[in-house]
Amino acid sequence: MAVKIKLKRLGKIRQPHYRIVVADSRTRRDGRAIEEIGLYHPTYNPSRIEVDSERAQYWLSVGAQPTEPVMAILKLTGDWQKHKGLPAPAPLLQPATKEDKRASFDAFAKALEGDDAKGEAITQKAKKADKKADEAEAAPAESTEA
């Protein structure tokens with residue numbers, strides 16, 4: 001029996017999320033799995049990737065073959081490099097916390113305080129003379145039609 005590490009699709013039509021599963025290669029994509037070893041949510045920003053590294057290492061060591069998408073995920077998490085004995089990749093980007101966002105907003109606000117900006121609109125207001133000219137052009141056109 002050939003064992004594969006593959007993605008099992010869940011979720012709505014345009015909101016997919018996946019579970020990383022170990023399954024027999026003959027089973028359907030969303031069929032019965034031997035074990036679930038992780039999650040992958042591509043629609044989140046940044047993508048949510050969770051892999052049980054210990055179980056992934058075990059299944060790779062006993063000969064389970066990852067599919068191409070799972071191989072890419074394992075390379076991102078560093079599990080593939082650990083299995084092959086290669087150097088680990090850079091750590092994954094972690095989502096910013098509310099405190100980090102607030103600190104960057106406060107720093108930006110302080111930078112603007114020294115600026116001479118008064119909060120006015122950038123675009124020029126329409127001149128009254130232009131409006132009067134438009135009205136004058138429209139008035140003769142109406143009188144000729146009647």
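The model shown is predicted, which means the values in this text are computed figures rather than measured ones.
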Show every donor-acceptor pair shorter than 3.5 Å between a side-chain atom in residues 34-42 and any protein atom, with sequence neighbours excluded, or say none if there are none.
residue : atom : partner : partner atom : Å
Glu35   : OE1  : Arg55   : NE           : 3.4
Glu35   : OE1  : Arg55   : NH2          : 3.0
Glu35   : OE1  : Trp59   : NE1          : 2.7
Glu35   : OE2  : Arg55   : NE           : 2.8
Glu36   : OE2  : Arg19   : NH1          : 3.3

Treating Ile, Leu, Val, Met, Phe, Trp and Tyr as nodes and any side-chain heavy-atom pair under 4.5 angstrom as an edge, say whether Val21 and Val62 lie in one connected cluster. no
Under 4.5 Å between side-chain heavy atoms, counting indirect links through other Ile/Leu/Val/Met/Phe/Trp/Tyr residues: same cluster for Leu60 and Ile73 or not? yes
I'd like to check the salt bridge (Lys or Arg N to Asp or Glu O under 4.0 Å) partners of Arg48; sequence neighbours left out, ordered by chain and number. Glu50
Cluster link Tyr58 to Met71, ILVMFWY, side chain under 4.5 Å: yes
Listed by chain and number, what are the ring pair (Phe, Tyr, Trp, His ring centres under 6.0 Å) partners of Trp80, not counting sequence neighbours? His83
Tell me which pairs pass salt bridge (charged side-chain N to carboxylate O under 4.0 Å, His left out) where either residue lies in residues 62-90, with sequence neighbours left out. none
Under 4.0 Å between a Lys/Arg side-chain N and an Asp/Glu carboxylate O for Asp106 and Lys110? no
Can you list everything that forms a side chain to side chain contact (heavy atoms under 4.5 Å, CB included) with Ser104? Sequence neighbours excluded, please. none
Using a 3.5 Å cut-off and no angle test, enumerate the donor-acceptor pairs between side-chain atoms of residues 3-18 and protein atoms at least two apart in sequence or in another chain.
residue : atom : partner : partner atom : Å
Lys6    : NZ   : Thr27   : O            : 3.2
Lys6    : NZ   : Thr27   : OG1          : 3.3
Arg9    : NH2  : Ile13   : O            : 3.2

